[in-house]
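Quick notes on the structure that follows.
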Amino acid sequence: DNDRGLFVSYSQPFLLPGDFYFRAWGGAFANDGVKGELSLSKSTPIGSFALEYGQVYDGANDNWIQRLPELSYRTPTIGLGGGWNTYLTARAGRWKGEGLDSWRYESEAWVYHRPIPVFEKTLLSFGGAMRYVNEADYNNEFWQPRGYVRLETQWTADLYTSLSLEGNSENKARFKYRHTDFENSIRPFVRYQIDRRNQINLGGVYDIDNGRLAEIRTSWVYDLRGIQIELAWKRDRVKNDDKFEVNLHTRMF
């Protein structure tokens, strides 16, 4: 990865008494040194809880955020009738990044409709959310409406396409983690399974606010009995930058 350099990482979950899950993750990165994260989670009838401590990569800004720690919660999905569903997420904790350090509180409520068949092989889905962010040490507090509409078509067993329209009001957060680079965008995507070993993907981002094709990403995936190799290239037309990735995924145990 020409942002993070050569790296190897490993993640291992452990089931504890009381149906708690403990997960340990660690990685050694040529550009960033050793990073790691620990988490403890539990699913209950009233929702899922997790406590996370350690470092997580912020792809939007190409840096690392430390969670010292962070507590998160997600409600079960609640059916509202007529195909509508809703859920709520919330998180609170202290975050530390490059030049940033703050207690941070975030919540988000989503309402969405399950996919609707509009043609023989095409599904339509849509939803909206209201997000609340409070970065207490910077007195930075705001609400952010969000929404999406997506068309998905499985043309054949091998060919899949999607077209998404995503809308977001301005993101005023200092920490941009879990943030897209574009407030309002159109995102086309094509996946073609050449054979049982080879797959190609092609996607892009059209920046509606600035009226330009902002990003192109293509990748080739090769699967060999539990070992998956991915070669990816992304062209950032705004920053005039090329990004290359070579990913090797394997199940060791």
Side-chain angles (χ1 to χ4, degrees), residues 1 3-80 85-98 100-112 114 127 129-137 173 175-179 221 223-230 245 247-253:
D1 185 314
D3 282 338
R4 293 181 286 173
L6 179 67
F7 69 91
V8 59
S9 66
Y10 182 72
S11 179
Q12 179 65 55
F14 301 90
L15 179 61
L16 303 179
D19 291 332
F20 283 90
Y21 268 95
F22 174 76
R23 183 180 70 90
W25 172 87
F29 297 79
N31 294 350
D32 304 312
V34 177
K35 304 293 181 182
E37 186 179 45
L38 304 174
S39 70
L40 182 67
S41 61
K42 181 177 176 60
S43 294
T44 75
I46 63 170
S48 301
F49 299 83
L51 182 66
E52 297 167 297
Y53 180 90
Q55 295 138 323
V56 61
Y57 182 66
D58 175 8
N61 296 297
D62 185 27
N63 61 29
W64 291 85
I65 291 174
Q66 298 182 58
R67 297 191 277 201
L68 304 170
E70 180 180 64
L71 177 66
S72 63
Y73 167 71
R74 185 191 189 281
T75 68
T77 299
I78 302 170
L80 302 175
N85 298 279
T86 185
Y87 68 89
L88 171 71
T89 64
R91 56 185 66 244
R94 189 165 191 90
W95 284 18
K96 187 175 182 179
E98 290 188 6
L100 296 171
D101 189 351
S102 177
W103 285 98
R104 190 175 185 283
Y105 311 96
E106 178 180 336
S107 61
E108 191 168 32
W110 274 95
V111 177
Y112 65 94
R114 66 169 178 256
M130 182 62 75
R131 180 184 182 218
Y132 168 76
V133 175
N134 184 341
E135 294 167 326
D137 290 52
F175 289 97
K176 297 295 186 182
Y177 182 56
R178 301 188 186 95
H179 164 67
V221 180
D223 198 311
L224 179 60
R225 296 181 181 179
I227 298 176
Q228 192 175 74
I229 303 169
E230 180 186 21
E245 296 177 8
N247 297 310
L248 173 65
H249 304 278
T250 180
R251 294 181 181 272
M252 297 178 63
F253 305 103

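Positions are given from 1, in the same order as the sequence printed here.
Residues passing the ring-ring contact (aromatic ring centres under 6.0 Å, His included) test with Phe22: none are found, sequence neighbours excluded. Looking at residues two or more places apart in sequence or on another chain, you find no ring-ring contact (aromatic ring centres under 6.0 Å, His included) involving Tyr112. Under the salt bridge (charged side-chain N to carboxylate O under 4.0 Å, His left out) criterion, Glu37 pairs with Arg23, Arg67, sequence neighbours left out.
Looking only at distances, no side-chain donor or acceptor of Lys35 sits under 3.5 Å from a matching main-chain atom of Ser9. In this structure a side-chain-to-backbone donor-acceptor pair under 3.5 Å is present from Ser102 to Asp137. One N or O on the side chain of Thr86 and one on the backbone of Trp110 form a donor-acceptor pair closer than 3.5 Å.
One finds the OH atom of Tyr105 at 11.5 Å from the CD atom of Glu70 (value rounded to the nearest 0.5 Å). Taken to the nearest 0.5 Å, the NZ atom of Lys96 stands 13.0 Å off from the CD1 atom of Ile65.
The heavy-atom pair separating Gln55 from Trp25 by the smallest distance is O-CZ3, 4.0 Å. Across all their heavy atoms, Asn63 and Tyr57 have their closest contact at O-CD1, 3.5 Å. Closest non-hydrogen pair, Gly47 versus Tyr73, comes out as CA-CE1, 3.8 Å. The two residues Pro69 and Glu52 have their closest heavy-atom pair at CB-O, 3.1 Å. Contact record, Tyr87 with Thr75: CA-OG1, 3.5 Å, taken as the closest heavy-atom pair. The two residues Glu108 and Leu88 make their nearest non-hydrogen contact at O-CD1, 3.2 Å.
Looking at Asn134 and Tyr132, their side chains do bring a donor and an acceptor atom within 3.5 Å of each other.
By the 4.5 Å heavy-atom criterion applied to side chains, Leu100 and Trp95 are not counted as neighbours. Within the 4.5 Å cutoff, the side chain of Leu16 has no heavy atoms near those of the Tyr21 side chain. Between Asn247 and Gln228 the shortest side-chain heavy-atom distance does not fall below 4.5 Å.
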Next on the checklist: Walk me through whether Thr89 and Glu106 qualify under side chain to side chain contact (heavy atoms under 4.5 Å, CB included).
Outcome noted: CA-CA 8 Å; Thr89 64; Glu106 178 180 336; 5.9 Å; no
Item to check | Worked check of side chain to side chain contact (heavy atoms under 4.5 Å, CB included) between Tyr53 and Leu68 | outcome: CA-CA 6 Å; Tyr53 180 90; Leu68 304 170; 3.9 Å; yes
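More than 12 heavy atoms of other residues, nucleotides or ligands lie within 6.0 Å of CZ in Phe29, so this atom counts as buried by the packing criterion.
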